[in-house]
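In what follows, a structure is listed as structure tokens, so that the remarks can point back to it.
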Protein chains: 2
Amino acid sequence: MDRIGKNMRLTNQRQVILEELQKVASHPTASEVYDMVRKRLPRIGLGTVYRNLELLADHRIITKLEMGGEQKRFDGNATNHYHIRCLHCGRVDDIELSRMAGIEERAASCTAYEIVDHHIQFSGICDNCKREKM
Amino acid sequence: MDRIGKNMRLTNQRQVILEELQKVASHPTASEVYDMVRKRLPRIGLGTVYRNLELLADHRIITKLEMGGEQKRFDGNATNHYHIRCLHCGRVDDIELSRMAGIEERAASCTAYEIVDHHIQFSGICDNCKREKM
DNA sequence: CTCAGTGCAAACGATTTGCAGGGCC
DNA sequence: GGCCCTGCAAATCGTTTGCACTGAG
């Protein structure tokens with residue numbers, strides 16, 4: 001069986017979770033992933049889904065998003081990019097804006113922190129919710 | 001008694017919560033606020049603290065921060081500014097970087113969302129944690 | 001055989017809520 | 001008197017974890 005890292009096998013459950021996550025453009029919550037995966041693996045446990053999403057995120061194969069809202073969301077795309085969240089329905093989408101150059105350096109000059117990363121999150125009203133309001 | 005808004009009184013509990021929150025530069029969690037407030041109002045309930053922090057945030061008197069990590073944090077400063085979180089100890093500080101001009105307009109040009117706001121969060125290692133590592 | 005991985009259910013921690021009592025207007 | 005607000009405790013919700021079992025190497 002394939003391996004993801006040292007002491008980590010690419011099990012069927014992991015593969016299905018990864019495939020389902022990368023198949024969608026949305027940024028599903030753990031239980032949404034659970035629902036998607038359960039169609040192919042009806043006996044999978046929610047705990048397994050959580051454990052593997054965490055593991056895949058640790059290995060930088062997917063990204064864990066901690067935006068506002070109650071639940072964490074997962075992004076099948078591991079490249080660092082910005083996001084926007086709908087204030088009305090909670091949905092999260094990518095923003096295809098190139099990463100701000102030099103912003104971390106500028107921030108570094110006004111803090112004692114050693115800066116590691118940055119993330120920009122926009123908030124607004126998505127197209128669906130805009131229409132509903134009319 | 002003073003009022004904060006329509007149908008909302010500035011009760012003693014609310015005033016103490018607000019004062020304690022605005023007194024500190026840190027961005028305490030709800031239970032940290034609870035501990036701070038309890039020194040002055042020993043019989044206050046945790047539910048009251050949660051309810052009032054939420055209410056004050058709704059009225060834009062304070063800010064609710066939903067950064068990574070498990071607990072939400074509260075900022076006695078209602079003006080919109082950027083933050084940095086320590087990846088090691090979880091502490092959150094302000095970043096005195098002026099707001100990026102035009103970034104929302106640029107984002108608007110590549111999404112169907114109606115953009116309302118944006119927030120930049122940096123992550124890194126705070127001064128204390130840097131020293132501990134040495 | 002060993003040990004990582006799993007399903008299941010119970011545990012956990014942060015937050016919310018129902019309710020009965022209390023106090024301002 | 002009405003209604004906002006509170007303290008308290010129980011409930012809720014997302015997430016984590018302990019455990020016994022399974023299966024790959």
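Keep in mind that the numbers below use all heavy atoms, side chains included, and drop hydrogens, waters and symmetry copies. Order of the sequence lines sets the chain letters (A, B, ...), proteins ahead of strands, with each chain counted from 1.
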Do Y82(A) and H118(A) have ring centroids that are under 6.0 Å from one another?
yes
On the side chain of R3(A), is there an atom forming a donor-acceptor pair with the base of dG25(D) - under 3.5 Å, no angle test?
no
Quickly, which of D94(B), T63(B), L97(B) forms a side chain to side chain contact (heavy atoms under 4.5 Å, CB included) with H81(B)? Name it, please.
D94(B)
For the side chain of T48(A), counting heavy atoms from C-beta on, which of dT16(D), dG7(C), dT6(D) is nearest?
dG7(C)
Per R14(B) side chain, nearest of listed nucleotides dT6(D), dG7(C), dG14(D):
dT6(D)
Send over the distance from K72(B) NZ to dG13(C) P, rounded to a whole Å.
18 Å
Closest to side chain of I44(B), choosing from dG7(D), dT6(C), dG5(C):
dG7(D)
Assess whether a salt bridge exists between E54(B) and R51(B), defined as any Lys/Arg side-chain N lying under 4.0 Å from an Asp/Glu carboxylate O.
no
When the distance from CD of E32(B) to P of dA14(C) is rounded to whole Å, what number comes out?
11 Å
Q15(B) atom CD is separated from dT6(D) atom P, nearest whole Å, by 12 Å
Whole-Å distance, L53(A) CG to dG14(D) P, equals 15 Å
OP1, OP2 of dC24(C) versus side-chain N and O of T11(B): anything below 4.0 Å?
no
Under 4.0 Å: is that the gap between some side-chain N or O of N52(B) and OP1 or OP2 of dT6(D)?
yes
Give a yes/no answer on whether the side chain of Y50(B) brings an N or O atom under 4.0 Å of OP1 or OP2 in dT15(C).
yes
Between D127(A) and R91(A), does any side-chain N to carboxylate O distance fall below 4.0 Å?
no
Atom CZ of R51(B) to atom P of dC4(D): distance rounded to whole Å?
14 Å
Whole-Å distance, D35(B) CG to dA14(C) P, equals 12 Å
Testing dG5(C), dT15(C), dT15(D) for proximity to the side chain of M8(A), the answer is dG5(C)
At under 4.0 Å, does any side-chain N or O of R43(B) touch on OP1 or OP2 of dC8(D)?
yes
What's the closest nucleotide to the side chain of L46(B) if the choices are dT15(C), dG7(C), dT16(D)?
dT15(C)
Considering only heavy atoms and no angle criterion, is a donor-acceptor pair shorter than 3.5 Å present between the side chain of R9(B) and the base of dC4(D)?
yes
E54(B) CD to dT15(C) C1', straight-line distance once rounded to whole Å:
10 Å
The side chain of Q71(A) is closest to which nucleotide in this list: dG7(C), dT15(D), dT15(C)?
dT15(D)
D75(B) side chain to H83(B) side chain, donor-acceptor N/O pair below 3.5 angstrom
yes
Roughly how many Å is it from CZ in R73(B) to P in dA14(C), rounded to a whole number?
11 Å
